[in-house]
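The first residue of the sequence shown is numbered 1, and numbering continues consecutively from there. We use all heavy atoms of the structure for the numbers below, so side chains are in, but hydrogens, waters and symmetry mates are not.
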Amino acid sequence: MDLHGFPGLLDRTAGVLTLVSLTATVAWGLVAADRWLMGPRGRLLAQAVHRATGTCALGFLLAHIGVKVAESHVSAEAALLPFASGGVLIGLGAVAAYLMVLAAATGVLRGALAGRGRGAARRWRALHACAYAAWCTALVHGLNAGRAPAGWVTACYAACVTGVLGTLVVRVGVPRGRRGVPRSLPLPSAGGPPFTVSRGLRPRTPVSRLRRSAPQADRAELARTQTGAHARRSLP
C-alpha cells in the first residue's frame with residue numbers, strides 16, 4: 001500500500017469530514033432533544049449517535065490541524081491562537097475548533113453542570129449551544145480558507161447546510177404545546193377512564209412508557225391512578 005500520497009489525501013479530506021461529522025452531531029442533537037417526534041428509546045438512540053458523531057468530529061479535527069501544521073500550510077501559532085497570524089479565515093477555523101472542544105466538554109460534563117436546578121440547566125444549554133456557532137464558523141472557514149473548493153466539496157457543504165436547516169425546521173415546526181410529558185396527570189373521575197391523556201402525550205401511549213418518560217412525581221401519580229382503576233374494575 002502506497003502511503004506517500006496519504007498525507008495529501010488526509011489534507012484534502014480531513015477538514016470536509018470534520019464539517020460533515022459536526023453537521024451530523026448538530027442534527028442528531030436536535031433530534032435527541034425532541035420529546036414529541038420520538039419516544040424514550042428513540043431519544044436514547046439519537047443521543048448515542050449524537051455522541052458518536054461528536055467524537056468523530058473531534059478526531060477529524062485533530063487530524064485536520066495536525067496535517068496542516070505538519071505540511072507547513074499553517075503555523076502552530078496560527079492554529080492555536082485565533083487571529084494571531086495567518087489571516088481572518090484561519091483565525092475563524094481556530095475559533096471553530098475551540099467552540100467544538102467547548103461543546104464536547106459540556107456534553108461530557110452534562111450531569112455535573114445541568115443537574116443543579118433549572119438555572120444550572122439553562123446555563124448548560126447556553127454553553128452547549130456553542131456547537132451551532134462552531135458549525136457556522138467552520139462552514140465559513142471551510143468554504144473560503146485555502147484553495148478554491150472542488151465540486152464534491154461544495155456539494156458536501158451544501159448537503160450539510162440542507163441537513164441542519166431541514167432538521168431545524170422540523171424541530172421548530174412541532175407545536176410547543178404538544179411536546180414533552182405533562183407536569184401532572186389528572187385523577188380519573190368515577191366511571192371515567194383509568195387515566196386521562198392530556199396534551200403532550202400521544203394517544204394510546206402504553207402505561208409502561210409513561211412510567212419511564214414521566215418525572216418522578218408524575219410516575220407516583222400514575223401509579224396511584226392505575227391502582228384506583230384496578231380497584232374499580234374488581235368491584236361487583
Practice problem: For residues Thr137 and Leu92, report the shortest heavy-atom separation together with the two atoms involved. | Solution: CG2-O, 3.1 Å
Quiz item: Linking I/L/V/M/F/W/Y whenever any side-chain heavy atoms sit under 4.5 Å apart, do Leu168 and Leu19 land together?
Solution: yes
Practice problem: Could you go through the side chain to side chain donor-acceptor pair (under 3.5 Å) check for Thr23 and Trp135 one step at a time? | Solution: CA-CA 7 Å; Thr23 300; Trp135 181 79; 2.8 Å; yes
Quiz prompt | Side-chain (His141) to main-chain (Leu89) donor-acceptor, under 3.5 angstrom | solution = yes
Quiz item: To the nearest 0.5 Å, what is the distance between OG1 (Thr53) and CG (Leu22)?
Solution: 8.5 Å
May I have the list of side-chain donor-acceptor pairs in residues 104-115 shorter than 3.5 Å, sequence neighbours left out?
{"residue": "Thr106", "atom": "OG1", "partner": "Leu102", "partner atom": "O", "Å": "3.1"}
{"residue": "Thr106", "atom": "OG1", "partner": "Ala103", "partner atom": "O", "Å": "2.8"}
{"residue": "Thr106", "atom": "OG1", "partner": "His128", "partner atom": "ND1", "Å": "2.9"}

Quiz item: Which heavy-atom pair separates Ala78 from Ala94 by the least distance, and what is that distance?
Solution: O-CB, 4.0 Å
Quiz item: How close do Arg43 and Ala32 get, heavy atom to heavy atom, and via which atoms?
Solution: CD-O, 3.5 Å
Exercise. Quick one: closest heavy-atom pair of Val26 and Ala131, and the distance?
Key: CG2-O, 4.2 Å
Self-check item: Note, Cys160 side chain near Val20 side chain (heavy atom, < 4.5 Å)
Solution: yes
Exercise. Looking only at non-hydrogen atoms, find the nearest pair between Cys56 and Ser21 and report the distance.
Key: CB-OG, 4.0 Å
Exercise. Report whether Leu17 and Trp152 are members of the same hydrophobic cluster (ILVMFWY, side-chain heavy atoms less than 4.5 Å apart, transitive linking).
Key: no
Quiz item: Does Val95 belong to the same Ile/Leu/Val/Met/Phe/Trp/Tyr cluster as Val88, with side-chain heavy atoms less than 4.5 Å apart forming each link?
Solution: yes
Quiz item: Less than 4.5 Å apart, any side-chain heavy atom of Tyr157 and any of Thr162?
Solution: no
Quiz item: How close do Leu99 and Cys130 get, heavy atom to heavy atom, and via which atoms?
Solution: O-SG, 3.5 Å
Quiz prompt | Spacing of OG1 belonging to Thr25 relative to CG belonging to Leu30, to within rounding of 0.5 Å | solution = 11.0 Å
Quiz prompt | Check: Cys136 and Tyr132 side chains under 4.5 Å, non-hydrogen atoms | solution = no
Practice problem: Starting at CG of Asn144, measure out to CG of Leu139 and round the result to the nearest 0.5 Å. | Solution: 9.0 Å
Quiz item: Hey, any chance Tyr98 and Leu58 share a hydrophobic cluster, counting ILVMFWY side chains that come within less than 4.5 Å of each other, even indirectly?
Solution: no
Exercise. Consider only side-chain heavy atoms of I, L, V, M, F, W and Y, link residues closer than 4.5 Å, and tell whether Leu80 and Leu61 are in one cluster.
Key: no
Quiz item: Rounded to the nearest 0.5 Å, what separation is found between the CD1 atom of Ile90 and the NE2 atom of His73?
Solution: 11.0 Å
Quiz item: Tell me, do Phe60 and Val16 make a side-chain contact under 4.5 Å, heavy atoms counted?
Solution: no
Quiz item: Any side-chain heavy atom of Met100 sitting closer than 4.5 Å to one from Thr18?
Solution: yes
